[in-house]
Amino acid sequence: MSFPLLTVTAAVPAVGAVLTAAVPAARRTAAKWLALLFSLATLALAVLVAVRFEPGGARYQLTESHAWIADFGVRYELGVDGIAVALIGLTALLIPFVIGAGWNDADPLETSSSRWRPTQGFFALILMVEAMVIISFEATDVFLFYIFFEAMLIPMYFLIGGFGDRAHAGSDENAAAQRSYAAVKFLLYNLVGGLIMLAAVIGLYVVAGNFSLQEIAAARAAGTLDMATNTERLLFLGFFFAFAVKAPLWPLHTWLPNAMGEATAPVAVLITAVVDKVGTFAMLRFCLGLFPDASKWATPAILVLALISIVYGALVAVGQRDIKRLVAYASISHFGFIIMGIFAMTSQGQSGATLYMVNHGISTAALMLVAGFLISRRGSRLIADYGGVQKVAPVLAGTFLIGGLATLSLPGLAPFVSEFLVLVGTFARYPVIGIIATIGIVLAALYTLVLYQRTMTGPVKEEVRTMKDLRLREVLVVAPLIALLIGLGVYPKPLTQIVNPAVEHTMSDVHEKDPKPQVAVEAKNGEAAK
């Protein structure tokens, strides 16, 4: 039997979580280094997965398949395509930076109790989330995917509710209440989506007789899967609803600003740059793969919802007074672009959507982590409490600017490539939707530049005058992310050559081909008329 690389890649952070949690209470620093070591080991394994993956090879590679609950047709099946490889790489890449940025976020304010172990718990929960996200990207059995899709909510709930932002305005009791509200709202929204999906998963088993994504796809291609139109549509809606909550798509988005606002900056990155990507990834793998006809049936409505997310998220971001909530609403707008690209049903749109998942993860991590460093120094999340930061902390201001420019998709930075592809792919099939979506670009420039102007430029406020610039640890966290934003903006080919073959398979699932350019069609008609 070949080496189970995918299992090991998901198991390493899970083992690291257990060992980190078991570190004695007084050895907080040892727990941090242990968690960082396991996250780096996971990154090395993710790189090995990418190296062993052959873009021109089989659709699902490095596969593993073992009987699990045989009476119910449940198998432990893993496999990765190019999209999964890219997102596993993103997850494994970001976790070491999340750990480095949150190095001191969970240290107890009082050290009198030797039994209190918040530091160990904080880093153990981060590693557990990483393990569950990675196996969600790897799972090709629908039931196996569902288990980890839901299970990741538990560690995220404790990260949001138990390790909140210390720069909270108001009393400690008020801060605790706000954290609890955000954590419960996050959990309830996603649990409701998960319960609806569970009903759809059971319905899929009744129709197909198994949970294997590959077997169901093969049966559909062979014409042996009898799925009535209404049944397919209902099952699609059950899956899509859960993924739309996780993504998050308007109007199911309201949990995200609360969760990101109350969480620490590293946990906020974990939410929007890692966990939420499972929702958009699952739309590609499960919605389009299992229910192609229903996906095309629902496309017009989904595109309208995505368009609303783009414009609404950007508009609300413009009016925000809280830095972290501004980034949260900006992310809602960006997820609208991703979903729009997926359901544009063009190769450019879906390639752009996949690249957008990766590039948004990197750009949001850079911006949010620098914002977290800024907030920890001043002790406030309010934009109005800042001013003139670039004069006292130029490195902090410079990295904040690059992260912001990436958020507005400046040409030369990674998100520009993905946003351009999404818009081109959408315009090719739905020109009106594509044109209206460009409003999001204009608004992104507005909220990003206004944020930078109000916090970094102008007179130096008295409370900011003694602010220190980035420390070495913080520079080591941010600098690689900035380098990636520039590198992938100039040369995105390493990602596109992995992703494009998987997108071709997805387009084949829904029996769609790219529309021919209208200019070429008109020219051909003109020649025929002559």
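All values below come from the heavy atoms of this structure, side chains included, with hydrogens, waters and symmetry mates left out. In this chain, residues are counted from 1 in sequence order.
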Rounded to the nearest 0.5 Å, what separates atom [atom1] in [X] from atom [atom2] in [Y]?
| X | Y | atom1 | atom2 | result |
| --- | --- | --- | --- | --- |
| Met345 | Ser295 | CE | OG | 5.0 Å |
| Ile439 | Leu307 | CD1 | CG | 7.5 Å |
| Thr354 | Leu90 | OG1 | CG | 12.0 Å |
| Leu78 | Leu62 | CG | CG | 10.0 Å |
| Tyr146 | Phe286 | OH | CZ | 13.5 Å |
| Ile310 | Ile338 | CD1 | CD1 | 10.0 Å |

Locate the shortest heavy-atom distance separating [X] from [Y]; write the atom from each residue and the value.
| X | Y | result |
| --- | --- | --- |
| Leu369 | Pro266 | CD2-CA, 4.0 Å |
| Leu485 | Pro415 | CD2-CD, 4.1 Å |
| Gly404 | Leu367 | N-CD1, 3.8 Å |
| Ile88 | Ala46 | CG2-CB, 4.1 Å |
| Gly361 | Leu94 | O-CD1, 3.8 Å |
| Pro492 | Val417 | CG-CG1, 4.0 Å |

Distance-only donor-acceptor pairs under 3.5 Å for side chains of residues 189-207, two or more places apart:
| unit_1 | atom_1 | unit_2 | atom_2 | d |
| --- | --- | --- | --- | --- |
| Tyr189 | OH | Thr254 | OG1 | 2.7 |
| Asn190 | ND2 | Phe186 | O | 2.8 |

Going by side chain to side chain donor-acceptor pair (under 3.5 Å), name the residues that satisfy it together with [X], two or more places apart in sequence or in a different chain.
| X | value |
| --- | --- |
| Tyr60 | none |
| Thr496 | none |
| Asn210 | none |
| Ser363 | none |

Taking the side chain as C-beta and beyond, is there a heavy-atom pair between [X] and [Y] under 4.5 Å?
| X | Y | value |
| --- | --- | --- |
| Gln61 | Glu54 | yes |
| Trp255 | Ile271 | yes |
| Gln348 | Val422 | no |
| Phe343 | Met283 | yes |
| Tyr447 | Thr407 | yes |
| Leu249 | Phe335 | no |
| Thr426 | Phe337 | no |
| Phe97 | Val269 | no |

Would you say the side-chain atoms of [X] pair up with the backbone N or O of [Y], donor to acceptor, closer than 3.5 Å?
| X | Y | answer |
| --- | --- | --- |
| Arg381 | Lys324 | no |
| Ser508 | Glu504 | no |
| Asp81 | Ala502 | no |
| Ser309 | Gly336 | no |

* To do: Can you tell me which residue pairs pass the side-chain hydrogen bond (donor to acceptor under 3.5 Å, both in side chains) test with a partner in residues 270-281, sequence neighbours excluded?
  =>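 Sorted pair list: Thr272-Ser331, Lys277-His360.
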* Does the pair Leu270 and Met368 meet the rule for a side-chain contact (heavy atoms from CB on, under 4.5 Å), with working shown? -> CA-CA 10 Å; Leu270 195 62; Met368 180 59 82; over 6 Å; no
* Pair listing, salt bridge (charged side-chain N to carboxylate O under 4.0 Å, His left out) test, anchored in residues 431-450, at least two apart -> none
* Pairs involving residues 409-433, ordered by first then second residue, that meet salt bridge (charged side-chain N to carboxylate O under 4.0 Å, His left out) (sequence neighbours left out) ->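 Passing the test, one end in residues 409-433: Arg429-Glu512.
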* Asked: Near Phe416 CZ, under 6.0 Å, is it more than 12 heavy atoms from other residues, nucleotides or ligands?
  -> yes
Using atom types as modelled, flag every donor-acceptor pair under 3.5 Å from a side chain in residues 230-248 to any protein atom, sequence neighbours excluded.
| unit_1 | atom_1 | unit_2 | atom_2 | d |
| --- | --- | --- | --- | --- |
| Glu232 | OE2 | Asp293 | N | 3.1 |
| Glu232 | OE2 | Ala294 | N | 3.1 |
| Lys246 | NZ | Phe149 | O | 3.3 |

* Passes side-chain contact (heavy atoms from CB on, under 4.5 Å), Leu484 versus Leu93? Steps please. -> CA-CA 11 Å; Leu484 278 171; Leu93 172 72; 3.3 Å; yes
Pairs of donor and acceptor atoms involving the side chains of residues 131-142, under 3.5 Å and at least two apart or interchain, shall be tabulated with distances.
| unit_1 | atom_1 | unit_2 | atom_2 | d |
| --- | --- | --- | --- | --- |
| Ser136 | OG | Met132 | O | 2.8 |
| Thr140 | OG1 | Glu77 | O | 3.4 |
| Asp141 | OD1 | Phe143 | N | 3.0 |
| Asp141 | OD1 | Leu144 | N | 3.0 |
| Asp141 | OD2 | Arg75 | N | 3.2 |

* Under the side-chain contact (heavy atoms from CB on, under 4.5 Å) criterion, do Met340 and Leu303 qualify, and how do the steps go? -> CA-CA 6 Å; Met340 185 177 74; Leu303 288 177; 3.9 Å; yes
* Partner residues of Val8 under the side-chain contact (heavy atoms from CB on, under 4.5 Å) criterion, sequence neighbours left out -> Phe3, Pro4, Val12, Leu45
* Would you kindly say whether Glu130 and Ser39 are connected by a side-chain donor-acceptor distance under 3.5 Å? => no
* Asked: Using a distance-only test with no angle check, is there a side-chain donor-acceptor pair under 3.5 angstrom linking Tyr312 and Ser333?
  ->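 Per modelled atom types, Tyr312 and Ser333 side chains form no pair under 3.5 Å.
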* Residues forming a salt bridge (Lys or Arg N to Asp or Glu O under 4.0 Å) with Arg59, sequence neighbours excluded ->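 Arg59 satisfies salt bridge (Lys or Arg N to Asp or Glu O under 4.0 Å) with Asp509 once adjacent residues are dropped.
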* To do: Report the C-alpha separation of Ile441 and Leu423 in whole Å, then their side-chain angles, then the decisive distance to 0.1 Å, and conclude whether the side-chain contact (heavy atoms from CB on, under 4.5 Å) test is met.
  => CA-CA 11 Å; Ile441 302 175; Leu423 289 171; 3.3 Å; yes
